[in-house]
Amino acid sequence: MEFFEQFAVPNPTPTIYLSMVAIGLTLIAVLAGISYFKKWGYLWREWLTTVDHKRIGIMYLISALLMLFRGGVDALMMRAQTSRAGNELLSSAEYNEIFTTHGVVMIFFMAMAFITALMNFVVPLQIGARDVAYPRLNALSFWLYFMGAMLFNLSFVIGGSPSSGWTSYFPLAGNELSPHIGTNYYMIALQIAGLGTLITGINFIVTIFKMRAPGMKLMKMPLFTWTALITNLLITFAFPVLTVALAMGTMDRLFGTHFFTMDNGGMAMLWANFFWVWGHPEVYILVLPAFGIYSEVISTFSGRNLYGYTSMVVSIVVISTLAFLVWVHHFFTMGQGAFVNSIFSITTMAIAIPTGVKIFNWLFTMWRGKIRLTVPMLYSVGFIPIFTIGGVTGVMLGIASADYQYHNTMFLVAHFHLVIIPGVVFAMLAGMTYWWPKMFGFMLNEKIGKWAFWNIAIGTCLAFFPMFIAGLDGQARRMYTYSEEAGFGIWNLLSFFGGLGLAMGFILIVFNVYYSARYATRDIGDDPWDARTLEWATRTPVPEYNFAVQPVVDSREPYWDAKHEGKTLFKDKISDIHMPNNSGMPFIMCVFFFIFGFGLVFSLWSLVIVSSVGIAVCLFLRSFEQDDGRHIHAEDVQETERKMGGDDR
Amino acid sequence: MKKQWLFSGLLMSFLLFLGGCEPLAVFDPKGPQAALLKDVIMISIWTMLGVVVVVFAMLIYMLVKYRSSKTPADYKPPIIEGNKWVEGLCVGIPVLIIVFLSIVSVQSTYEAESVPEGYKDQEPMVIYASSSNWKWHFSYPEQDIETLNYLYLPKDRPIEFRLYSFDAISSFWIPQLGGQKYAMTGMLTKLNVAASEEGEIWGRNSNFSGEGFAEQTFNVNVVSQQEFDEWVTEVHNTAEPLDEETFNELLEPGHLGQKTFTGTHLSFNPAPEEHTEHQGEEHEDMNEEEMDH
C-alpha cells in the first residue's frame, strides 16, 4: 500500500477525482472504439509509424489543439478564482499548480507544437521537396514531444503537478522548498520534449539548406521558410542551454547535487540566467514563424508581393541575433547594478527597431493592394494593432528603471500575453485556416470563423488590458487572492469576462471544424485562396509524394508567376519517386522514453533501468538496420495525378 | 462595425489607464525615487502612444482605402519591391526613438540605483530587510530594533535597505517609495529610497515564493524624525529582546502578523556578506564577473 501512496495527488479535490474518472472513461472509450471499428491496423500503419511530414504535421496540430484546451481551462480557472476579492474557489496550492501548468503547457506543448505543426506541413511544400531531410528523425521528434506532453499532463492525476511557476526558479523549485515530486515532472517531461525540439531544429536546418527546388536561391525563399530556418537555428543554439539547466535541476532534485541549492555553494541565480538564456530566444522561436505566416497571409490577401522582402529577411536575422543578448531584462531587479542593466536595457529596446520594420512592411504590403478580409487576413490585421500595444509596452518594460515598478506585476502579464496571443496564437489560427484546405481538402467555414475571430480578438483585449491597470496599482502576478481594499477587483472581473470571450472563440473554432468537415464542399481546386507560393502548386489534398515532378523556380513567387506570366513550374516528365519507408521504431523508442521519465519522476529505479535498456536496444537496432526506402512507380503517380487533377504532365 | 468597437475599446482602456479615478499606486509617489520612476513611465507612455497612433492610422487607412470592395473589379495590384527611402525612414525614426529612450533609461537607472537626488548630503539610515516564508524581518542596526512585517521610516531621510532571504527568492517592493529588488540567499542587494510624505503605505514581496506568497505584505509608516525617535524609545521600553531561539521560531514557514523586538538577529545570525567591500566602478565590475560565472 505504501508503494501506491506516492502516486496520490497531494491536494485532492472533487474536480481532480472527477477528472481522473473522466480521463479513465475517455481512455477506455477510445480504446474500445478503435477495437470495435477494427482501426488498430490503420492507426499503426497510417499514423503511429508514419514518417510523412504532412501526417506528422497533422499529429502535431491535433496535439497542439488538445494542449490549447488543457492550458485554456487552466487559464479560465485562474481568471475565475481572481475574478473577485477573497474568492475561495481554489486554494493557494491549487492555484499555484494551475498557473504553473498553464505556462508550461501553453509554451512547450501548445505554442511549440503549433509552430512545429505548420513548419512540418508547409516548409517541404514551400521549397518543393518531397519530405524533410530526415523523415524518421522527424517521427522521433514528434513522439518525443508527444510522450513528454503526456508525461507532464499525467502529473495532474498521478502524484501532483509542479507548483513553482513555469520559470521554476530555484531554490523554490528545489527539494528544500518543494519536497513534493511535482517539479520532477517539470524537469523530466521538458527534457524529453526538448530533445524532440532540438532534433526538429537540426532536421529543418538541413532540409531548408539542402532540399530546395532547383533555382530557389536563399533570397528567393518564401518568408515563412526564411522564418522557419532562423527559428530552427535559434532552437539549435538555445535549447542545449535548457537541456543543461534541466539536467542540473534534475540532479539537484534526484541525486543531491548542489547546483542551485541554498547552501553548500549552490547558486540560484545561475538557474535564472540559464533559464532566460534559453527563455528569451524561445520567445523569438515562437514569434518568428508567426511573422512568416503573416507575411504569406497578408501578401496573398492583399493580392500583392511582399513589400521590402530584403529588409524583412534582414530584420529576422537581426532579431534572432539580438534575441541572445537581452536575457537579463527578465531580472533587472536581481541587483546586478546600473551598468549591466543599462546595457541590457539598450539591447532590449533595440529589438523594437527590426520588429517595427516588419510592421511597416506589412502595412506597405497592403498599400495599393486589393484586400480580401478572409479569416486568415482578419487574424493578421487584428494582430497588427494588438501586437503593437503589446510591443510598445515591451519597450516600456525594457527601460530598466521603470521595470523596477512593472517587474513581477500584472503589467508584465498583460504585456507578454498581448505579444504572445496576437503574435503566436493569432498567427497559428491564421496559418491553420489558411493551409487547412491543403491539409484536409476542404475549407473552414468563413462565417463561423469570423465569429470566432471577433470573440478571440475582443476577448484578448478585454482579458489583458485591465491587467495593465491592476499591475500599476500594485497587483503582483501569481497572487491567488487579494483583499477587498486592494481595489483590484474590477480589473480582474473584466479580465475574467475577457477570458470567457476567448473560451467562446475557441469553442466556435472546434464547432467550425466539425461543421465544415460535415458540410463543406470538397470541390475547391488546388488553389482556393489565389495564393502565390509553391505549396499551392500541388494537388489538394497533397499526395504523399508532394509533387509529381520537382518544380523549377526562378522567382520569389513562382506559383503566382506561373499563373500570371505563363512560366512553367514542372518541366520534367513523371518518373519513379523514391520515398522513405514507415517505421515503428520512433514510436516504440518513445514509449520506452515515457516509462523512463515516469520511473525517474518517482525514483523507481527498476523501471528506469529496464526502459534505458529498451531505448539502447532501439538505438542499436536502428543503427544496424538496412533500409533503402521504396519507389512509387511512374504509372502509379500518373494514375493518382489523373484522379486528382485530370491532366497528366 | 465591429472593428470600430475594437478600436474604441482599445482607446477606452488607454484612457482609463491614463486617468483612473483614484491614482494608481505607481502613479502616486510618496518619495523621490518613485516620483522619478513615475516620470520615466509617463515619458515612455507618451512616446509610445505616438508610435501606436501612427501604426493605427496607417492600418485604418490601408483597410479603408484598399478593401477589395472599394477597388474596381479589374484592378490589378502592382508589383512593388520596396523603396530604400521609405524603408530607411522605417528604420531611422524608430532608431531615433530608441536612442532617446535609451538615454532616459540609462540616466534614470543610474539615478534609481543611487541615493536619491537632494538627499546625497545625508548619511543613509541602514535597515536590513530579510524575508523568510512568508514574512519580512526588518532589522534596524543603528536603533537596535527588529520588527516583523512593518516598518517605521523617518521622513526626509535617505534609507538604504539591505536585502536578503532565508529561503525563496523574494522581491522587496514598496511601490509608492520606489522600485523593487530581489532578496536572495547568500548575497546582499541594496535598495535606496527616501520618503517625502508622512502616512501609511504598503509594501510586499512581489516574487512568487510558494503557498503563502499572496499574503506576504507589510505596512510602512512614514513619520517625522521626532515621531520616529519617540517610537524607538517606546520600543526599547516595551518590547522583548530577540534571542536566537525566538528568531528560529519566527523563521518557520507561515504568517505571523506584526511583532516588535529589541536587538536584531544580525548579532547571532549575520547577514550574508556583500560581494565586494569596494564601491563605485569596481563594484560594477565585480557584478559583471558574477554574471559570467
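Every value quoted in this text rests on a predicted model; they were computed, and no experiment measured them. Protein chains get the first letters and strands the later ones, always in sequence-line order, with residue 1 at the start of each. Hydrogens, waters and symmetry mates play no part in the numbers below; they use all other heavy atoms, side chains included.
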Undergrad: Let's go through S345(A) and S105(B) carefully: what are the C-alpha distance in whole Å and the side-chain angles of both, what is the deciding distance for side-chain hydrogen bond (donor to acceptor under 3.5 Å, both in side chains) to 0.1 Å, and is it a yes or a no?
TA: CA-CA 7 Å; S345(A) 170; S105(B) 174; 2.6 Å; yes

Undergrad: For G335(A), is there any backbone N or O sitting under 3.5 Å from a side-chain donor or acceptor partner on T189(B)?
TA: no

Undergrad: Side chain from CB out, backbone as N, CA, C, O: work out which of these in Y480(A) comes under 4.5 Å of a heavy atom of chain B, or both, or neither.
TA: both

Undergrad: Under 4.5 Å from any heavy atom of chain B, what part of T481(A) do you find: side chain, backbone, both or neither?
TA: both

Undergrad: Let's test your reading of the structure: which of A34(B), S165(B), P94(B) forms the most heavy-atom pairs below 4.5 Å with chain A?
TA: P94(B)

Undergrad: Name the region of L306(A), side chain, backbone, both or neither, that has any atom closer than 4.5 Å to a heavy atom of chain B.
TA: backbone

Undergrad: Taking only residues two or more places apart in sequence or in another chain, which ones pass side-chain hydrogen bond (donor to acceptor under 3.5 Å, both in side chains) with S302(A)?
TA: none

Undergrad: By a 4.5 Å heavy-atom criterion (distance strictly below it), what part of A352(A) contacts chain B: side chain, backbone, both, or neither?
TA: side chain

Undergrad: Examine whether an atom of R556(A) lies under 4.5 Å from a heavy atom of chain B, and if so say whether it belongs to the side chain, the backbone or both; otherwise answer neither.
TA: side chain

Undergrad: Would you mind checking which part of L363(A) comes under 4.5 Å of any heavy atom in chain B, side chain (CB onward), backbone (N, CA, C, O), both or neither?
TA: both

Undergrad: If you apply the rule ring-ring contact (aromatic ring centres under 6.0 Å, His included), what do you find for F208(B) with F99(A), and how did you get there?
TA: CA-CA 11 Å; F208(B) 177 66; F99(A) 74 65; 4.9 Å; yes

Undergrad: Of the backbone (N, CA, C, O) and the side chain (C-beta and beyond), which part of N361(A) lies under 4.5 Å from a heavy atom of chain B, both, or neither?
TA: side chain

Undergrad: Residues in side-chain hydrogen bond (donor to acceptor under 3.5 Å, both in side chains) with T460(A), at least two apart?
TA: none

Undergrad: Hey, what's the ring geometry for H407(A) with Y182(B), parallel, tilted or perpendicular (30° and 60° as the breaks)?
TA: tilted

